[in-house]
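Okay, structure first, notes after.
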Amino acid sequence: MEEILEKLLEAVEFGKVDNKSPFPPQLKGQDGSHELTISAIETGIKPKQILENALIPAMERVGKKFSENKIFVPQMLMSAKAMGASMCQLKPYFASGEIKTKGTFIIGTVKGDLHDIGKNLVAMMVEGGGWAIIDLGVYVGSERYIEAIKNNHGAVVGLSALLTTTMVNMGEIVSKIKEILPEIKIIIGGAPVNDDFCQKIGADFYAPDPQRAVEYLNKLAS
Ligand code: B1M
């Protein structure tokens, strides 16, 4: 059991999706996260163990290496893809309630902005950290955030913006959410925003990268 989870951890950490995938070269010809997750389930390993002993630690390693500039966006995307292949096999267990999530994270790129690469990375890392994700996509205005929050009691909200022009929209969305639902925790991120801006608009936390978002969320959940 240990061996298969170690292999799965390695596959996700280094972005090996399936046995046909040529990336990463050092794992060429070996099973990827897709096959390893299926084998783990067939061997009788509980989905919760797969998540907690392979996927979450793998994404923690990836997040840490990314924060420390030891890996870059392409490697992180491959890891996220490998994690996604594994999560596809685990989804039915989430749906049945056999795996409990730490909470729900609603994420979107703010109105006026269609950059979604960073937002998608954050969503995948947070999902890998054991959270249920509601991805509202791009061009998201306050009404859609508020509707999603009302439908998901206790959820945490994440806003992403990549344009200096859409930072203004981010501020307006935070104000509208806090006006109606002041207890909701809001994380902001994206290249043009920073901690000062976060405080200025009344958001709760600025995450410079996905790992910092995961760490903040896990503190909220503990
Ligand atoms: Co656009 N674009 N773009 N673009 N684009 C930038 C952002 C820009 C800096 C390029 C430049 O001029 N040098 C510039 C913005 C300038 C500014 O406002 N200061 C720019 C512009 C101007 C534009 C257009 C206006 C161009 C035009 O049409 N004239 C237009 C805007 C369209 C719109 O949104 N309405 C536009 C369009 C596009 C494309 C469609 C072509 C494409 C987007 C494709 C897509 O996302 N699906 C695109 C791209 C790819 C870029 C660059 C090249 C790359 C952005 C990216 O994905 N980075 C970018 C220049 C650059 O950065 N070199 C640029 C990688 C990504 C992983 O990083 O999103 O920062 P990032 O996410 C990071 C962190 O910020 C953080 O985690 C991620 C990982 O560390 N993070 C969060 C992000 N969200 C978070 C949320 C969190 C926590 C952390 O919690 C909720």
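Order of appearance sets the numbers: ligands from 1, and atoms from 1 within every ligand.
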I'd like to know if the side chain of [X] and the backbone of [Y] have a donor-acceptor N/O pair within less than 3.5 Å.
X      : Y      : value
Thr43  : Ile45  : no
Asp113 : Thr166 : no
Asn152 : Ala155 : no
Ser33  : Ala82  : yes
Lys102 : Gly129 : yes
Tyr145 : Lys176 : no

Close-contact set for ligand 1 against [X] heavy atoms, below 4.0 Å:
X      : value
Ala191 : 70 (O), 75 (O)
Phe66  : 79 (C), 80 (O)
Ala207 : 88 (C), 89 (C)
Leu121 : 67 (C)
Gly158 : 91 (C)
Val73  : 67 (C)
Asp116 : 45 (C), 46 (O), 47 (N)
Pro208 : 74 (C), 76 (C)

Between Asp204 and Lys178, does at least one N-O distance fall below 4.0 Å, as a salt bridge requires? yes
With respect to Asp18, which candidate in His34, Gln30, Lys81 satisfies the side chain to side chain contact (heavy atoms under 4.5 Å, CB included) definition? His34
Single hit among Thr164, Leu163, Thr165 for side chain to side chain contact (heavy atoms under 4.5 Å, CB included) with Met167: Thr164
Heavy atom of the protein closest to atom 73 (C) of ligand 1 (residue, atom name, distance): Gly118 CA, 4.3 Å
Using protein heavy atoms only, decide if any is under 4.0 Å from [atom].
atom                    : result
atom 86 (C) of ligand 1 : yes
atom 61 (C) of ligand 1 : no
atom 24 (C) of ligand 1 : no
atom 75 (O) of ligand 1 : yes

Would you say Asp209 and ligand 1 have an N/O pair spaced under 3.5 Å apart? no
Below the 3.5 angstrom mark, is there an N/O of Lys119, backbone or side chain, next to an N/O of ligand 1? no
Contact between [X] and ligand 1, counting heavy atoms under 4.0 Å?
X      : result
Pro192 : no
Ala161 : no
Asp113 : yes
Tyr206 : no

Identity of the nearest option to atom 21 (C) of ligand 1, non-hydrogen atoms only, from Ile187, Leu163, Val214: Leu163
Name the option, out of Val122, Ile188, Ile117, Val193, that contains the heavy atom nearest to atom 50 (C) of ligand 1. Ile117
Start with the C-alpha gap between Asp135 and Lys119, add the side-chain angles, then the distance that decides, and say whether salt bridge (Lys or Arg N to Asp or Glu O under 4.0 Å) holds. CA-CA 9 Å; Asp135 188 343; Lys119 184 263 299 168; 3.0 Å; yes
Given side chains that start at C-beta, do those of Asp195 and Phe205 come closer than 4.5 Å, heavy atoms only? no
Verify whether one side chain among Thr109 and Asp116 offers a donor that lies under 3.5 Å from an acceptor in the other. no
So for Leu162 against ligand 1, with non-hydrogen atoms under 4.0 Å, the contacting part is both
How does Thr166 reach ligand 1, by side chain, by backbone, by both or by neither, if only non-hydrogen atoms under 4.0 Å count? neither
Would you please test Glu10 and Lys16 for salt bridge (Lys or Arg N to Asp or Glu O under 4.0 Å) and show each step? CA-CA 8 Å; Glu10 187 188 25; Lys16 177 80 176 164; over 6 Å; no
Decide whether Trp131 and Leu51 are clustered together by the hydrophobic rule: side chain heavy atoms of Ile, Leu, Val, Met, Phe, Trp, Tyr closer than 4.5 Å, transitively. yes
